[in-house]
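Here is how names work: the chains are called A, B, and so on, in the same order as the sequence lines, proteins then strands, and each is numbered from 1.
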Protein chains: 2
Amino acid sequence: MAEQPQVRTTSQAWESLFRTQVAVMRRMQQLPEFRKLAMREYDVLFNLSNCPTGWTRLNELNEALLISQPSLSRMVERLEAKGLVQRRTAESDQRGIEISLTDKGAELQREIGRVHVRHLHEMLAPLLSEAEFQQLQELTDRMRAGLKERPAR
Amino acid sequence: MAEQPQVRTTSQAWESLFRTQVAVMRRMQQLPEFRKLAMREYDVLFNLSNCPTGWTRLNELNEALLISQPSLSRMVERLEAKGLVQRRTAESDQRGIEISLTDKGAELQREIGRVHVRHLHEMLAPLLSEAEFQQLQELTDRMRAGLKERPAR
DNA sequence: TCATCATACATGCAATTGCATCTACCTAGC
DNA sequence: GCTAGGTAGATGCAATTGCATGTATGATGA
């Protein structure tokens, strides 16, 4: 049976993870690619591109982001105005909205995504070995899986 | 000699780390403690509380945060107006500003910090073992150490 | 069936943010 | 010493954000 983690251990691990995220993000934000589209907006396109059916509910999308519901609502409005996403009311629930990428939006996502991945790799590859990155992913995947069981609200 | 990581491995590890950070943050933001002070403002107090000398340069503080320099400049202004931080011009460089917590600011930081750590632990402890959290910290610490050698700009 | 309550998203509005730019100070090279 | 170029923060202003709340639809129970 695995040992129960100490308070110091969990909080220090969290702080280290968090600070690493900040350090990487700061470097990413400086890339010229994010002049076209703010990081947060790209994040929306990216999340939409990962959805298997193509269409995502607004509230579901909101859970994957750190912005408030009204902010997302208006951001989607702007992205729609730019022709990057489409909206429709959900069939199963007339209150709900479903969103998907337009061709133009999908294209832009891929374009930025390629550069994004390339820079990320240049930045991260020297830091850990293949096995260590796999280990890191395994640990964080399990954390998210565990969190999912107890939803945010 | 450790194997050189693949592009897929680094980008997937990053995505997993990033998503985990979002999932944890979303849960933290909902806590009633962050009514008093926005997360970003707490983050400033936290960073100041961790500084050994007590005083931190504005630009140095900025590097630990994901907000722009003008935003931080004004946020510090507001925190000063609330009596949570103090400012003074740096001795070594008359252009620079140094910031530190006031007693009131330090008190508030500790108060929120305690609750913060407690909730964090309740949330994270069931997810991984003691050893795994240590491993996670070790990996992310090394990532940051490696990033530090090649500064953000 | 029909009140009652919950949920999904939109909107008014004040606060915060970022971009571009400005000012003050520092550093180099002459 | 002085000028050119760089760095640290501050500020004007438009855009974005969050909070509180509104509107419409869905779910529940007497």
Side-chain N or O of Asn59(A) less than 4.0 angstrom from OP1 or OP2 on dC9(C)?
yes
**OP:** Output yes when at least one side-chain N/O atom of Arg87(B) is less than 4.0 Å from OP1 or OP2 of dA8(D), else no.
**Re:** no
Only distances under 3.5 Å count here; give the side-chain donor-acceptor pairs of residues 51-61 of chain A to other protein atoms, sequence neighbours excluded, each with its distance to 0.1 Å.
from	atom 1	to	atom 2	distance (Å)
Thr53(A)	OG1	Trp55(A)	N	3.2
Thr53(A)	OG1	Trp55(A)	O	3.0

Would you please say whether a donor-acceptor pair under 3.5 Å links the side chains of Gln86(A) and Ser100(A)? yes
Next on the checklist: Under 3.5 Å, is there a donor on one side chain and an acceptor on the other for Glu130(A) and Gln134(A)?
Outcome noted: yes
Atom [atom1] of [X] and atom [atom2] of [N]: how far apart are they, to the nearest Å?
X: Glu60(B); N: dT7(D); atom1: CD; atom2: C1'; result: 15 Å
X: Ile97(A); N: dT25(D); atom1: CD1; atom2: C1'; result: 12 Å
X: Glu77(B); N: dT11(D); atom1: CD; atom2: P; result: 6 Å
X: Glu98(B); N: dA8(D); atom1: CD; atom2: P; result: 13 Å
X: Asp93(B); N: dC25(C); atom1: CG; atom2: C1'; result: 7 Å
X: Leu61(B); N: dA8(D); atom1: CG; atom2: C1'; result: 14 Å

The single option from Leu120(A), Asp141(A), Asn50(A), Val117(A) that satisfies side chain to side chain contact (heavy atoms under 4.5 Å, CB included) with Glu15(B) is Asn50(A)
Given protein heavy atoms under 4.0 Å, the one-letter contact record of nucleotides 14-24 of chain D, with B base, S sugar-phosphate only and - none, is simply --SSBBB---B
The answer to which of Ser92(A) and Ser73(B) contacts DNA chain D further toward the 5' end, by nearest nucleotide, is Ser73(B)
**OP:** Verify, without hydrogens or angle tests, whether Ser73(B) (side chain) and Gln69(B) (backbone) share a donor-acceptor contact under 3.5 angstrom.
**Re:** no
Validation row, ring centre Tyr42(B) to ring centre His116(B) under 6.0 Å: yes
